[in-house]
Structure formats: structure tokens, C-alpha cells
K.L.:
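Below is the structure I would like to discuss, written out as C-alpha cells.
Quick note: numbers below take in every heavy atom, side chains included, and nothing from hydrogens, waters or symmetry partners. Within every chain, numbering begins at 1; the chains are lettered A, B, ... in the order of the sequence lines, protein sequences first and strands thereafter.
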Amino acid sequence: MKIATFNINGIKARHKALPAWLEEQSPDVALLQEIKSVDEAFPRDLIEDLGYNLETHGQKGFNGVAIASKYPLEDVTRGLPGDPEDVQARWIEATVVGARVVRVAGLYLPNGNPVPGPKYDYKLAWMKRMKARAAELLRTEEPIVLGGDYNVIPQPEDCARPAAWEKDALFLPQTRAAFREILNLGYTEAFRARVSGPGHYSFWDYQAGAYQRNDGIRIDHLLLSPQAADLLRDVGIDKDERARDKPSDHVPVWIELDA
DNA sequence: ATGGTTGCCGAGCAA
């Protein structure tokens, strides 16, 4: 079972690039972020016509997450538990019924800039809520995949110019510590389980020719429960997607599971 | 230091 995460930065603007990628790479499950659409306006045909089931959790203008799957999706839930006041669409869960059953969560973790301020406070509070949900999911002892745009640069080697990110919400020590707290519950960050060293990124800014200079950051991650980590066969980043016509500023990151 | 770009949607905000 191939599971990918992809921040598409707007479903309407990606009406060509997203179906092209789905056709070429054929992930079984695609966790999509920043759909930037309400559910009623989502062009479902773009995805359903390729043989995918689709579950969306949208919001007007901003945010929004979705799950596309060639396998049936069951027990879909929307929204990150822990704050009934939070109306931002950043979390969706579903059970994928493949050869094995895998519980997946698609997430769009808050950016948090500028620091300090309410947006950074919201980011840290959101990560605390995510930690609680991640711990709860572990107790099921099932294969679990938490995939999405984490807006976290885990290590200096995960960005081309660490000095430029020193005071940024994506790279502050407090942000990285909150990310490690989730990992230390018992999750494995899939990419780093298989690939070491610098130069591997999942996002390049649209500005100043960042992609051409490979001035990127690695902020899209797939976290695996122990039972999912046992099934890990391969990982990858579809870097070439960033060179496509009308690309997202992120590229897909994927895993292949024995499931 | 500023501005550089894109997407939402039709003015700025978010990233």
C-alpha cells in the first residue's frame, strides 16, 4: 500500500497537476492539505474519475484537508479533538481497508508565524492536542500513519540555510521539541528511517528561484506507529513535481507499506 | 531592510 502526503496549495489551481501526479505515481492513498475549498465546491470528479474514494474536510479560502483512496475508507472523522472552539479544518482520519487495515490521519499543522504572537501560541496548543490524539491512537496497537504538512523542520540538515530559519516558527527549538514529543510517544518518522543526510526537501518557496537553487525545507512528514513501521518497505519524495507547470510549492512525500 | 510569488477571491491575508 502506497501512502502519500501532498500539500496541494489549492485544489482549483491544481486541477491539472494533481490528477497528472495521481495517474503517474498511482498512490493507493493520498493525504491532501490546503485544499482551500469548502466541501460543496470541491471538484470531486478530478479525483473520483481516476478510481479514488474521496473524503474532504474543507473550509472557505484557507486550510482544508482530504483523503483520496483506491481502497474503501471507513470510520471517517473530521477535526482534531481537544478544542470545540477550533473551527480550522486541519485534521481528518479514516480507516483504509486494504490487504491490511491501516488508520490514517491527514493533517495540516499551523504555520505559527509571526513569532511571538497568537498564531504561534495556536501552533503550540495544536501540537499539544495532536500529541494527545497520537497517544490515543497508539493504544489501539494497529498500524497508524500520521501524514501531512507538519510545518516543522526537524533538524538543521532538513533545510538548505538553517541560519535563515533560526527565528522562524517552523524551526524554533520549542517547535522542534514539541515535534519530538510526538515522535517519542513511539512513532517513527518514515523518511529518516530510510534516508540520511542533507539536501532532501519537500517545500520550496515560490519566490526568488528557491527551487532552482534547491533552497528548500523538509516539512512534510509521515509518522508511523510501531505496527506500521514493521510494514515499511520504501520511502520517497516526488521532487520533480515542483518542476511541473503550475506546481504547488510542496511536493508529495510517500511510503510503501506491506499492507 | 525590502521585496521577491502564489492562491484564495475580488481586498488584503496567509504562506
K.L.:
Restricting to side chain to side chain contact (heavy atoms under 4.5 Å, CB included), what partner residues turn up for A:Pro110, sequence neighbours left out?
P.N.:
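Result, side chain to side chain contact (heavy atoms under 4.5 Å, CB included) vs A:Pro110: A:Arg90, A:Tyr122, A:Lys123, A:Trp126.
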K.L.:
So which pairs with a foot in residues 65-74 of chain A pass side-chain hydrogen bond (donor to acceptor under 3.5 Å, both in side chains), sequence neighbours left out?
P.N.:
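Sorted pair list: A:Ser26-A:Lys70.
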K.L.:
Write out all pairs satisfying ring pair (Phe, Tyr, Trp, His ring centres under 6.0 Å) with one or both partners inside residues 213-232 of chain A, taking only residues at least two apart or from two chains.
P.N.:
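Passing the test, one end in residues 213-232 of chain A: A:Tyr150-A:His221, A:Phe179-A:His221.
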K.L.:
Using the P atom in both, what is the distance from B:dC13 to B:dG3, to the nearest Å?
P.N.:
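Pairwise P distance, B:dC13 against B:dG3, rounds to 16 Å.
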K.L.:
Quantified in whole Å, what is the C1' atom distance between nucleotide B:dG10 and nucleotide B:dA14?
P.N.:
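These two C1' atoms come out 16 Å apart once rounded.
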K.L.:
Would you list the pairs meeting ring pair (Phe, Tyr, Trp, His ring centres under 6.0 Å) in which at least one residue belongs to residues 224-259 of chain A, sequence neighbours left out?
P.N.:
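Matches after skipping sequence neighbours: A:Phe203-A:His250.
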K.L.:
Quick one: list whatever passes salt bridge (Lys or Arg N to Asp or Glu O under 4.0 Å) with A:Glu24, sequence neighbours left out.
P.N.:
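Checked A:Glu24 against salt bridge (Lys or Arg N to Asp or Glu O under 4.0 Å); matches are A:Arg244.
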K.L.:
Apply side chain to side chain contact (heavy atoms under 4.5 Å, CB included) to A:Arg161 and list each qualifying residue two or more places apart in sequence or on a separate chain.
P.N.:
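Per chain and number, A:Arg161 pairs via side chain to side chain contact (heavy atoms under 4.5 Å, CB included) with A:Ala164, A:Asp215.
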K.L.:
Anything below 3.5 Å on both distances counts as a pair; with that, list the stems of at least three consecutive Watson-Crick or G-U pairs involving DNA chain B.
P.N.:
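Stem list for DNA chain B: B:5-8 with B:12-15.
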K.L.:
Looking only at atom P, what distance separates B:dC9 and B:dA15, rounded to whole Å?
P.N.:
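Pairwise P distance, B:dC9 against B:dA15, rounds to 15 Å.
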K.L.:
Would you give a per-nucleotide map of nucleotides 2-15 of chain B, 5' to 3', where B means the base has a protein non-hydrogen atom under 4.0 Å away, S means only the sugar-phosphate does, and - means neither?
P.N.:
--BBSSS-----SS
K.L.:
Hydrogens and angles aside, do A:Glu241 and A:Ser248 bring a side-chain donor and acceptor to less than 3.5 Å of each other?
P.N.:
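Side-chain D/A pair, A:Glu241 to A:Ser248: absent.
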K.L.:
Provide the full list of ring pair (Phe, Tyr, Trp, His ring centres under 6.0 Å) pairs with a residue in residues 20-68 of chain A, sequence neighbours left out, each pair given once.
P.N.:
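Residue pairs with at least one partner in residues 20-68 of chain A: A:Phe6-A:Trp21.
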